[in-house]
Amino acid sequence: MNLQQLRYLCGIADHQLNISKAAEALHTSQPGVTRQIRQFEEELKVELLVRQGNRISTLTEPGRVVVEIARRILRDVENIRSVGAEHADPNKGTLTVATTHVHARYVLMPVLRRFRQRFPKVRVTVRQGNPDQIAQFVSAGQADLGLATAPTEEAPMLAGLPCYRFRRCVLVPKQHPLLKKKRITLVNMASYPMINLDVSFASGVSVMSTFQANGIAPDVVLTATDAEVIKAYVAAGLGIATLPEIAFDPKRDAALTTIDARHLFPPNISYVWLHRHLYLRGYAAEFIRMLSATWTRTMIGRFMRSDELADVALAIDPQRN
């Protein structure tokens with residue numbers, strides 16, 4: 001067996017068992033991938049893929065085990081390369097950050113500006129997705145770190161470093177009747193059509209859960225995964241919305257205004273997600289420190305290699321609450 005065969009097998013698993021897409025992502029040909037996997041199976045004397053005609057329907061049980069082991073091997077190979085690169089030139093390399101639209105648009109911009117000034121030889125790639133996709137990117141080694149709220153499913157191979165809280169506000173058009181209320185209630189909000197973040201995001205789930213816990217069924221007329229889209233529809237008069245406070249810019253969003261909702265909805269905590277077996281480059285640790293000054297490289301290493309949960313109250317930068 002060889003590393004190429006391991007990469008091809010993981011590539012197939014990462015692309016919904018589609019060999020054509022895997023071959024394209026790996027910059028090779030479909031027949032080449034098929035041939036290498038067949039040779040791998042012949043050497044192991046076991047089938048790794050369940051085939052139905054010209055398509056793959058699933059991984060076999062040994063196939064799932066081999067993919068898990070192959071991921072560890074490939075990650076360790078990259079870790080070895082990272083160790084060499086760290087000592088050859090600690091300020092040169094690549095950094096892939098997986099994050100949501102809200103984080104990319106409203107949190108990362110000033111951090112990336114500082115990071116680029118400090119590490120001009122590091123090429124940064126930002127991948128967007130929802131929290132579950134971000135966890136998958138980091139788990140599969142397709143991103144060095146993720147920045148998002150918690151995924152809906154547990155990811156035991158990831159360490160979550162709490163960075164800050166997202167407080168929420170209610171966005172309404174200027175002159176909206178809710179602005180006459182001194183302190184709005186959930187019942188007040190439910191009197192108007194609502195636009196909400198998709199439930200694949202913790203903020204979307206949290207808002208709906210708060211209403212449900214109080215026995216209130218709001219009239220959700222639209223859901224979206226993009227805060228800018230939501231704000232545009234609020235400005236058009238289609239409804240009100242609950243978004244993180246950081247998503248509102250008084251100058252850019254001149255047609256809108258906010259109503260305090262901290263008393264209605266609990267905050268969401270944003271984490272940096274890291275694979276526990278990742279060799280963390282120095283500049284990646286510095287990137288995390290720029291997000292939250294609490295996280296030194298020593299502290300990051302401690303939590304990456306343990307099952308203990310970080311103390312949220314201790315770890316979160318108070319300036320971002």
Side-chain angles (χ1 to χ4, degrees), residues 99-107 128-136 146-155 160 162 164-250 252-271 312 316 321:
T99 192
T100 65
H101 168 81
V102 169
H103 289 85
R105 172 65 182 82
Y106 304 107
V107 176
Q128 286 187 219
N130 62 44
D132 286 340
Q133 291 170 327
I134 290 163
Q136 292 169 7
L147 178 62
T149 51
T152 59
E153 297 183 3
E154 291 188 8
Y164 50 89
R165 294 179 179 91
F166 266 147
R167 305 285 186 177
R168 277 186 284 271
C169 63
V170 176
L171 282 178
V172 297
K174 289 187 173 180
Q175 310 303 320
H176 193 278
L178 277 180
L179 294 170
K180 298 177 182 179
K181 302 287 185 181
K182 289 184 178 180
R183 187 177 174 87
I184 66 169
T185 66
L186 294 174
V187 172
N188 295 151
M189 291 182 61
S191 300
Y192 299 93
M194 284 186 56
I195 304 169
N196 199 30
L197 272 172
D198 187 80
V199 292
S200 59
F201 293 79
S203 290
V205 172
S206 180
V207 168
M208 294 307 299
S209 297
T210 299
F211 279 102
Q212 291 168 3
N214 286 273
I216 300 171
D219 179 20
V220 179
V221 296
L222 176 70
T223 62
T225 60
D226 188 317
E228 294 298 320
V229 171
I230 290 175
K231 288 191 292 184
Y233 280 101
V234 173
L238 272 71
I240 64 174
T242 305
L243 287 176
E245 291 176 347
I246 197 172
F248 177 70
D249 183 334
R252 184 184 297 272
D253 304 317
L256 304 174
T257 190
T258 64
I259 300 174
D260 181 29
R262 291 189 175 195
H263 61 290
L264 296 178
F265 304 101
N268 282 121
I269 298 172
S270 291
Y271 299 82
V312 172
I316 291 179
N321 288 352

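Position 1 is the first residue of the sequence; numbering continues from there.
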> Which heavy atom in Lys231 sits nearest to a heavy atom in Ala247, and how many Å separate them?
Replying inline: NZ-O, 2.7 Å

>> What's the separation between atom CZ in Arg262 and atom CG in Leu264, rounded to the nearest 0.5 Å?
In response: 12.5 Å

> What's the spacing between Ile195 CD1 and Thr223 OG1 if we round to 0.5 Å?
Replying inline: 10.0 Å

> What is the minimum heavy-atom distance between Pro218 and Ala190, and which atoms define it?
Replying inline: CA-CB, 4.4 Å

> Hey, does Met208 have a side-chain heavy atom less than 4.5 Å from the side chain of Val220?
Replying inline: yes

> Which atoms form the tightest heavy-atom contact between Pro173 and Leu179, and what is the distance?
Replying inline: O-CD1, 4.1 Å

>> Take a 6.0 Å sphere around OH of Tyr192 and say whether it holds more than 12 heavy atoms from other residues, nucleotides or ligands.
In response: yes

> How far does CZ of Arg165 sit from OG of Ser270, to the nearest 0.5 angstrom?
Replying inline: 11.0 Å

> Side chains of Ile240 and Leu171: does their closest heavy-atom pair fall under 4.5 Å?
Replying inline: no

> For Ala227 and Leu243, which heavy atoms make the closest approach, and how far apart are they?
Replying inline: O-CD1, 4.1 Å

> Taking the side chain from His263 and the backbone from Ile184, do they hold a donor-acceptor pair closer than 3.5 Å?
Replying inline: yes

> What's the verdict on side chain to side chain contact (heavy atoms under 4.5 Å, CB included) for Asp260 and Glu245, showing C-alpha distance, side-chain angles and the deciding distance?
Replying inline: CA-CA 9 Å; Asp260 181 29; Glu245 291 176 347; 4.3 Å; yes

>> Check whether Asp132 reaches the backbone of Thr152 with its side chain - one donor and one acceptor, N or O, closer than 3.5 Å.
In response: yes

> Side chains of Val170 and Val172: closer than 4.5 Å at any heavy-atom pair?
Replying inline: yes

>> For Thr225 and His101, which I'm curious about, is there any donor-acceptor pair between the side chains at under 3.5 Å?
In response: no

> Roughly how far, to the nearest 0.5 Å, is the CD atom of Gln136 from the CG atom of Asn130?
Replying inline: 8.0 Å

> Got a second to check how far Phe166's CZ is from His103's NE2, nearest 0.5 Å?
Replying inline: 4.0 Å

> Has the side chain of Asp253 got a donor or acceptor atom that lies under 3.5 Å from a matching backbone atom of Leu256?
Replying inline: no

> How close do Arg183 and Asn188 get, heavy atom to heavy atom, and via which atoms?
Replying inline: O-OD1, 4.2 Å

> Among side-chain atoms of Asn268 and Arg168, is any donor-acceptor pair under 3.5 angstrom?
Replying inline: yes

> Got a donor-acceptor contact below 3.5 angstrom from the Thr99 side chain to the Leu147 backbone?
Replying inline: yes

>> Quick one, Gln175 and Thr257 - any side-chain contact, counting heavy atoms below 4.5 Å?
In response: no

> Which heavy atom in Leu238 sits nearest to a heavy atom in Val221, and how many Å separate them?
Replying inline: O-CG2, 3.8 Å

> About how many Å separate OG1 of Thr185 and CG of Asn214, when rounded to the nearest 0.5 Å?
Replying inline: 10.0 Å

>> Show, in sequence, the C-alpha distance, side-chain angles and deciding distance for Phe211 and Met194, and conclude whether the side chain to side chain contact (heavy atoms under 4.5 Å, CB included) test is met.
In response: CA-CA 12 Å; Phe211 279 102; Met194 284 186 56; 3.8 Å; yes

